[in-house]
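For reference, the structure is listed below as structure tokens.
Per chain, numbering begins at 1; letters A, B, ... match sequence-line order.
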Protein chains: 2
Amino acid sequence: MPTIYQVAERAGVSLSTVSRVLNGKASVNKALKERVEEAIKELNYRPNAVARSLANNRTDSVGVLIPKRNASVFSETLQALECTLRKAHKHVVIAMGDPGIEAEKEAVEFLVSRNCDALIIDSETLSDEYLVNLNQTTLPTVLLDRHIEEIPDACFTFNNEKGGYLATRHLLELGHKSIAYLSGPVSKAAAGSRLTGHKRALLEAGLTVNPQLIFNGDASENDGERGLLELMARDLPFSALVCASNGMASGAIGCARDLGMRLPHDLSIVGYDDMLIAHHLHPKLTAVHHSRADMAAIAATYILNKVYGQTHHIQPSFEPSLVVRESTLEFAN
Amino acid sequence: MPTIYQVAERAGVSLSTVSRVLNGKASVNKALKERVEEAIKELNYRPNAVARSLANNRTDSVGVLIPKRNASVFSETLQALECTLRKAHKHVVIAMGDPGIEAEKEAVEFLVSRNCDALIIDSETLSDEYLVNLNQTTLPTVLLDRHIEEIPDACFTFNNEKGGYLATRHLLELGHKSIAYLSGPVSKAAAGSRLTGHKRALLEAGLTVNPQLIFNGDASENDGERGLLELMARDLPFSALVCASNGMASGAIGCARDLGMRLPHDLSIVGYDDMLIAHHLHPKLTAVHHSRADMAAIAATYILNKVYGQTHHIQPSFEPSLVVRESTLEFAN
DNA sequence: CCAGGCTTAGAAAGCGGTTTCTTAACTGAG
DNA sequence: CTCAGTTAAGAAACCGCTTTCTAAGCCTGG
């Protein structure tokens, strides 16, 4: 690998001049500039990124921490981040937290020790305090799908309340009056908001919220099955079901089928968020959609602006929408 | 951030001594060593990875190129790579090729320009010649799911022939005699091998290979549907179908259902490779499975040995296996 | 008791860039 | 024509660490 020194030698100039040509910050004589550029081509020279980083105190790399969650969440997010950042010549260093707070802290440490310029974190586990501290004292950090009071600018979240609202309103518009709900863990803000939206839709429609129609699970496929069984055991008839995650929807659908129900005729089901699952289930699942890709791209752009002094326009718009597929049907008596 | 110099000062030694303590390569006086370690703790010192890289001419980073293919392939591979490499304190820099040879070359360039120590590439697009040259003249490179004659050691592939064989043999064992086959693009080695395996199973069972029962598609869901329709139009009865990709299996299942067929009673279907889809389809899809995670982990370990002089034992065993779910049934005349 | 061999610590030279500082040359105004 | 004021190129310091080189100190054996 040729160095800047060899380029200078070949062009008959000092290495400062070569550097100036490379960075274009200071003016250099046109003739010299051309000689340098020629030398660069002839030697097939490429500046050493490491040396540059050392001198600049900047690595042009962004650390990304995504837990080993389900495949589609993971890859959609990462693909969008990588794409946005690479266009700006930043690279993505990745760490995948094993579940567990210690493992995730270690992953963050790992990223920090690699001298990333910024961090993008998607974690439910790490504490507010830790993240605020990280952001304020160590590295600029943005959070995906999470909100923390102290650092609102650094947080990017979906409008889960609206998502829950949309799901339920869709069913209401189809004429359903008795709508059950499989909730994710309400200790998590996202699950709580979705449920809030569900309730708002009911109230707006003049209906009452019946806690007997709400099941609290952990968002897993397994709990989808358990939830449906338990709701049915409560002996309160319902013609539609909102699942706050597509994993639960998948479990519920399988369970319903095992029970001999015909879908969507006997039960309309709305799911949430995982488009890959939604597409492959049968019936194809009507579900609330929000674009993790959009969120990721915006978060990455925010970093570009904040850390690298770029000036992209950001329009933080990633509202949920409802994608109607085949799992919901008009209420027929 | 404290530097090694400040540590030296505080410990009252030279920075060479601190360096030696850090790297443990040369012996240092026990008392001094303790003083240094104390100073490190007190200052909360962490060596600067960039400076270290510059001095060592080594970044401890491995570039990974994975095309933006389907989510589960992507994330399974990446998760395994990251996990294996991080345990060895190497980090993963990621680039995602947009489809297209130029975009992928650019992505490789990007990784090379970041001074990665090695490359792990999963690409169907890049030419043999380019990859051989890359491996031999630029950076140690390993290839995932691809075989190139000139650099056999650097290639890690699945036994697709065996996979195709297993799929078909399963159906034969269930008593099926007339088995249709939806193939991926035979120009790709993997698809060709699977088909070869399929044929071998037929021949072994004393059956003949009927080209009328083979459809060549592009592995997409869409072509699964097209394929099934075309095969049925050929008016040659078949009781079972092998799909060389789960995408096609998904398309075929949807199509079969639209045609009013009952699965698996009217048609047994075997799929290939994507466990996520296989799980969520209905009926749950019996499919050939091979572990991309295993392959990725082994490839990463190979890099660890070759580039970083480690000495892990490698046992390159990732044979395909058949996961029987619900989409295949005994042939009942 | 002293020469020779080892061990160990410090000084200094890189690694490959960026940037400040210096100086030489050139500009234009008085 | 001279002198202050710019401009542009080179010299050198620096980023933080590793490693070679040098030399000091110790031990051992003759």
Side-chain angles (χ1 to χ4, degrees), chain A residues 1-40 43-61 89 91 112-117 139 308-309, chain B residues 1-40 43-61 89 91 112-117 139 308-309:
Chain A
M1 279 275 103
T3 71
I4 196 173
Y5 186 80
Q6 293 165 36
V7 173
E9 200 172 25
R10 179 159 196 129
V13 300
S14 79
L15 77 179
S16 329
T17 303
V18 178
S19 177
R20 284 190 265 259
V21 170
L22 286 170
N23 296 300
K25 289 185 183 170
S27 56
V28 294
N29 182 293
K30 202 176 168 193
L32 288 193
K33 185 173 174 184
E34 277 166 10
R35 260 163 51 205
V36 168
E37 279 165 350
E38 197 174 339
I40 287 176
L43 292 173
N44 191 24
Y45 166 79
R46 269 221 302 262
N48 180 318
V50 174
R52 205 170 231 184
S53 292
L54 183 60
N56 284 332
N57 195 29
R58 170 151 78 72
T59 58
D60 289 316
S61 71
H89 299 102
H91 67 284
V112 170
S113 77
R114 281 353 259 227
N115 295 57
C116 293
D117 298 329
L139 273 184
Y308 298 108
Chain B
M1 279 275 105
T3 72
I4 197 173
Y5 186 80
Q6 293 166 34
V7 173
E9 200 174 24
R10 179 158 196 130
V13 299
S14 78
L15 78 178
S16 331
T17 302
V18 177
S19 177
R20 285 191 264 261
V21 170
L22 286 171
N23 296 300
K25 289 185 186 172
S27 55
V28 293
N29 183 293
K30 200 175 168 192
L32 288 194
K33 184 174 175 185
E34 277 166 8
R35 255 160 58 200
V36 169
E37 280 165 349
E38 198 173 340
I40 287 176
L43 293 173
N44 191 25
Y45 165 79
R46 268 220 303 261
N48 179 318
V50 174
R52 202 169 236 186
S53 292
L54 184 59
N56 283 332
N57 194 28
R58 168 152 82 72
T59 58
D60 288 316
S61 71
H89 298 101
H91 67 285
V112 171
S113 78
R114 283 350 265 225
N115 297 56
C116 293
D117 297 330
L139 272 185
Y308 298 108

Got [X] and [Y] here, is their nearest side-chain heavy-atom distance under 4.5 Å?
X      : Y       : value
D60(B) : Y308(B) : yes
R52(B) : L22(B)  : yes
N57(B) : M1(A)   : no

5' priority, DNA chain C, between S16(A) and K30(B) [closest heavy atom]: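 Result of the comparison: K30(B).
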5' precedence on DNA chain C between N29(B) and A51(B) (nearest-nucleotide basis):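 Final value for this comparison: N29(B).
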In whole angstrom, what separates [X]'s [atom1] from [N]'s [atom2]?
X      : N       : atom1 : atom2 : value
L54(B) : dT19(D) : CG    : C1'   : 13 Å
R35(B) : dA9(C)  : CZ    : P     : 10 Å
N57(B) : dC17(D) : CG    : P     : 18 Å
I40(B) : dC17(D) : CD1   : C1'   : 13 Å
L15(B) : dA11(C) : CG    : C1'   : 9 Å
L22(B) : dC17(D) : CG    : C1'   : 9 Å
R58(B) : dG16(C) : CZ    : P     : 16 Å
R20(B) : dT18(D) : CZ    : P     : 11 Å

Contact under 4.0 Å: [X] side-chain N or O vs [N] OP1/OP2:
X      : N       : answer
S27(B) : dT7(C)  : no
K25(B) : dT19(D) : yes
N48(B) : dC15(D) : no
R52(A) : dT18(C) : yes
T17(B) : dG10(C) : yes
N56(A) : dG17(C) : no

Bending between helix ends of the helix from dC1(C)-dG30(D) to dG30(C)-dC1(D) [5 pairs per end, 10° resolution]: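 Rounded value for the end-axis angle: 50°.
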Minimum-distance pair of heavy atoms, taken over all atoms of T59(A) and C116(A):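 Taking T59(A) first and C116(A) second, the nearest heavy atoms are OG1-CA, 3.8 Å.
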Touch class at under 4.0 angstrom, heavy-atom based, for V28(B) against every strand present: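 Sugar-phosphate contact only - V28(B) comes under 4.0 Å of backbone atoms but never of a base.
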Sugar-phosphate only, base, or nothing, as touched by S19(B) at under 4.0 Å among non-hydrogen atoms: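 If one applies the 4.0 Å heavy-atom cut-off, S19(B) turns out to touch a base.
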Side-chain donor/acceptor contact of R46(A) with base of dG16(C) under 3.5 Å: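 No.
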Inter-residue atom distance R35(A).CZ - L32(A).CG, 0.5 Å rounding: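 Going from the CZ atom of R35(A) to the CG atom of L32(A) covers 5.0 Å.
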Contact residues, residues 4-14 of chain B to DNA chain C [heavy atom, < 4.0 Å]: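 Here the set is V13(B), S14(B).
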Of the listed nucleotides dT19(D), dG16(D), dA9(D), the one nearest the side chain of L32(A):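 Nearest to the side-chain atoms of L32(A), counting from C-beta on, is dA9(D).
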Nearest-neighbour nucleotide for the A55(A) side chain, dA8(D), dT19(D), dC15(D) considered: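 The answer is dC15(D), which lies nearest to the side chain.
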